[in-house]
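Data first, discussion second: the structure below is written as structure tokens.
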Protein chains: 2
Amino acid sequence: KTSVITGKNLSLKKRLTCTFLSFHRPILVHNPHLDGLKDDVLYHFSLGTETHDLPAMFGDVKFVCVGGSPWRMKSFIEYIASVLGMEDPKAEYPNICAGTDRYAMYKIGPVLSVSHGMGIPSISIMLHELIKLLHHARCTDVTIFRIGTSGGIGLEPGTVVVTKQSVDANFLPKFEQVILGKTVMRNTDLDPGLAQELLECSKELNQFDTQLGNTMCTMDFYEGQARLDGAFCSYTEEDKQEYLHNAQKAGVCNIEMESSVFAAMCKMSGLRGKKSSPPFIPT
Amino acid sequence: KTSVITGKNLSLKKRLTCTFLSFHRPILVHNPHLDGLKDDVLYHFSLGTETHDLPAMFGDVKFVCVGGSPWRMKSFIEYIASVLGMEDPKAEYPNICAGTDRYAMYKIGPVLSVSHGMGIPSISIMLHELIKLLHHARCTDVTIFRIGTSGGIGLEPGTVVVTKQSVDANFLPKFEQVILGKTVMRNTDLDPGLAQELLECSKELNQFDTQLGNTMCTMDFYEGQARLDGAFCSYTEEDKQEYLHNAQKAGVCNIEMESSVFAAMCKMSGLRGKKSSPPFIPT
């Protein structure tokens with residue numbers, strides 16, 4: 001059931017799925033048109049180069065953590081503040097994107113926490129504007145993480161999956177982007193060295209099971225993830241089990257809805273990276 | 001620029017894109033597995049058949065209006081309350097989905113207003129759970145609307161487009177849904193009679209220009225809509241103009257990111273319908 005998938009009964013740490021990608025060069029935008037813009041409006045953040053001093057606001061950012069839910073990204077910044085010893089019991093962490101309800105953004109010291117909503121199109125709008133924000137702010141050596149829940153295949157609920165590769169609904173490591181009506185294939189490879197580092201961090205912490213595996217990224221939560229409880233379902237329990245079994249044979253540990261475009265866009269910005277997600281059994 | 005596209009300077013009514021579809025039969029779910037569920041959890045609404053009396057809460061719903069932004073859907077219910085003479089100056093309209101931050105939902109009399117976030121995957125999760133909600137609540141004769149902003153092609157900003165047909169990035173009237181790894185084509189036709197009714201309503205109101213046309217639904221806001229101001233752009237201003245010109249020749253009046261799956265899922269629930277969207281020139 002969905003409540004199991006999202007791990008409602010698990011601790012915050014245990015129910016999270018993490019996706020880690022790291023920028024080791026200045027942020028690369030690949031758009032010659034941006035130089036000619038007098039004012040670059042990051043519309044869905046309610047920020048812009050003319051209205052905000054982006055280098056002053058964000059120039060010290062070294063870590064970005066993104067996840068679907070605005071509430072969770074606020075909890076995350078509170079948690080980070082306490083870990084870094086930077087919490088102020090009287091302070092409310094203000095939402096930097098308070099001028100819009102599309103995304104929420106919080107910052108403490110060098111850490112930025114941003115929500116991205118659900119699904120590839122929603123995270124892709126956010127990543128376009130985030131990459132431009134980091135570029136305009138002249139950030140360097142930024143590491144970016146995605147933390148999210150996912151549906152696991154053959155794993156104990158609460159396990160964290162560090163994603164080796166993001167694959168599509170046919171278990172292939174690619175992301176299809178339509179540009180001017182033509183389909184362009186983008187690579188979803190992640191960095192094996194970083195994945196190893198994450199697994200070692202988890203071993204040191206010794207607080208939850210962590211596993212390296214492939215993560216399947218789908219366009220739909222119900223029919224797209226072989227669930228039986230959507231408004232429409234044209235397949236049987238046996239069809240579902242066969243599909244998930246084939247996914248497992250192809251190395252898929254879990255299913256979510258944002259990893260492929262996250263991997264593709266972060267890679268295009270000049271990163272090496274990796275992904276992880278937790279295993280909960282989808283209904 | 002994006003601020004033009006979203007019509008920041010326009011009145012609420014003028015900047016809205018409307019999508020109209022109508023249920024004229026009891027809500028149809030096509031899922032034999034639902035009957036066997038003891039508790040159907042509408043997880044992303046934080047509602048369920050065991051925890052909530054859905055017929056008591058929603059049985060009188062006759063109109064559903066959906067749109068991307070939670071703030072806008074709250075404004076909409078306040079507007080509807082005043083139009084229906086049902087407003088209470090002292091009342092806050094409570095968010096029925098207050099237990100989650102995935103979607104927001106408001107109700108006044110027979111009107112339900114629900115946010116759906118951005119993009120096909122996000123609205124599709126909401127529609128699965130909305131269709132099940134209306135089914136469990138035993139609603140009949142429900143009319144559903146989508147109201148949203150869009151990027152117009154060759155039309156004055158502020159115009160409202162009533163959508164004749166939702167088309168994909170190659171201007172074809174279809175929605176591709178991947179189920180168990182196989183691509184299924186779904187129809188995005190809308191009802192011509194209802195579109196006519198909407199045009200007539202607009203004529204009576206005489207407050208804004210309204211036009212019948214096709215709406216293109218894309219998976220991406222920047223590269224997918226030929227914008228020049230994303231983090232990545234591999235094409236020229238001329239390529240962009242050629243693509244938009246071809247779209248216009250194919251009858252496309254505007255571009256947004258949810259219409260195709262909205263049309264497909266509403267149609268599958270047993271509706272006849274139609275869509276509309278407003279014309280703003282994308283950058």
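Residue numbering restarts at 1 for every chain, and letters A, B, ... go by the order of the sequence lines.
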(request) To the nearest 0.5 Å, tell me how far N170(A) CG sits from T183(B) OG1. (result) 7.0 Å

(request) Pick one of side chain, backbone, both or neither for S115(B), based on which atoms fall under 4.5 Å of a heavy atom in chain A. (result) neither

(request) Between chain B and each of D239(A), N31(A), N246(A), count heavy-atom pairs under 4.5 Å; write down the option with the most. (result) N31(A)

(message) Could you tell me if the side chain of D229(A) sits less than 4.5 Å from the side chain of K132(B), heavy atoms only?
(response) yes

(request) Name the orientation class of the two ring planes belonging to F221(B) and H44(A) (parallel below 30°, tilted from 30 to 60°, perpendicular beyond 60°). (result) perpendicular

(request) Against chain A, label T218(B) side chain, backbone, both or neither, depending on which of its atoms sit under 4.5 Å from a heavy atom there. (result) neither

(message) Out of S234(A), A169(A), C233(A), A247(A), return the one with the most heavy atom pairs under 4.5 angstrom to chain B.
(response) C233(A)

(request) Mind checking salt bridge (Lys or Arg N to Asp or Glu O under 4.0 Å) for R186(A) and listing every partner two or more places apart, or none if nothing turns up? (result) E223(B)

(message) Taking the side chain as everything from C-beta on, heavy atoms only, tell me whether V29(B) gets closer than 4.5 Å to F232(A).
(response) no

(message) So which residue, L180(A), I179(A), L34(A), ends up with the most heavy-atom pairs under 4.5 Å with chain B?
(response) L180(A)

(message) Holding to side chain to side chain donor-acceptor pair (under 3.5 Å), I want the full list of residues that pass it with T49(B), two or more places apart in sequence or in another chain.
(response) D39(B)

(request) Sort M219(B) into side chain, backbone, both or neither according to what part of it lies under 4.5 angstrom from a heavy atom of chain A. (result) both

(request) Between chain A and each of S69(B), P32(B), G224(B), count heavy-atom pairs under 4.5 Å; write down the option with the most. (result) S69(B)

(message) Can you tell me which portion of E242(B) sits under 4.5 Å from chain A's heavy atoms? Options are side chain, backbone, both or neither.
(response) neither

(request) With chain A as the partner chain, list the residues of residues 116-126 of chain B whose heavy atoms fall under 4.5 Å from it, by residue number, and write 'none' if nothing qualifies. (result) M118(B), G119(B), I120(B), P121(B), S122(B), S124(B), I125(B)

(request) Could you check if a side-chain atom of H33(B) sits within less than 4.5 angstrom of a side-chain atom of Y235(A), using non-hydrogen atoms only? (result) no

(message) When you compare the side chain of H128(B) with that of D220(A), does any pair of heavy atoms fall below 4.5 Å?
(response) yes

(message) Checking E176(B) now: which residues fulfil salt bridge (Lys or Arg N to Asp or Glu O under 4.0 Å) with it, not counting sequence neighbours?
(response) K174(B)

(request) Mind ranking T100(B), V184(B), V261(B) by heavy-atom pairs under 4.5 Å with chain A and telling me who comes out on top? (result) T100(B)

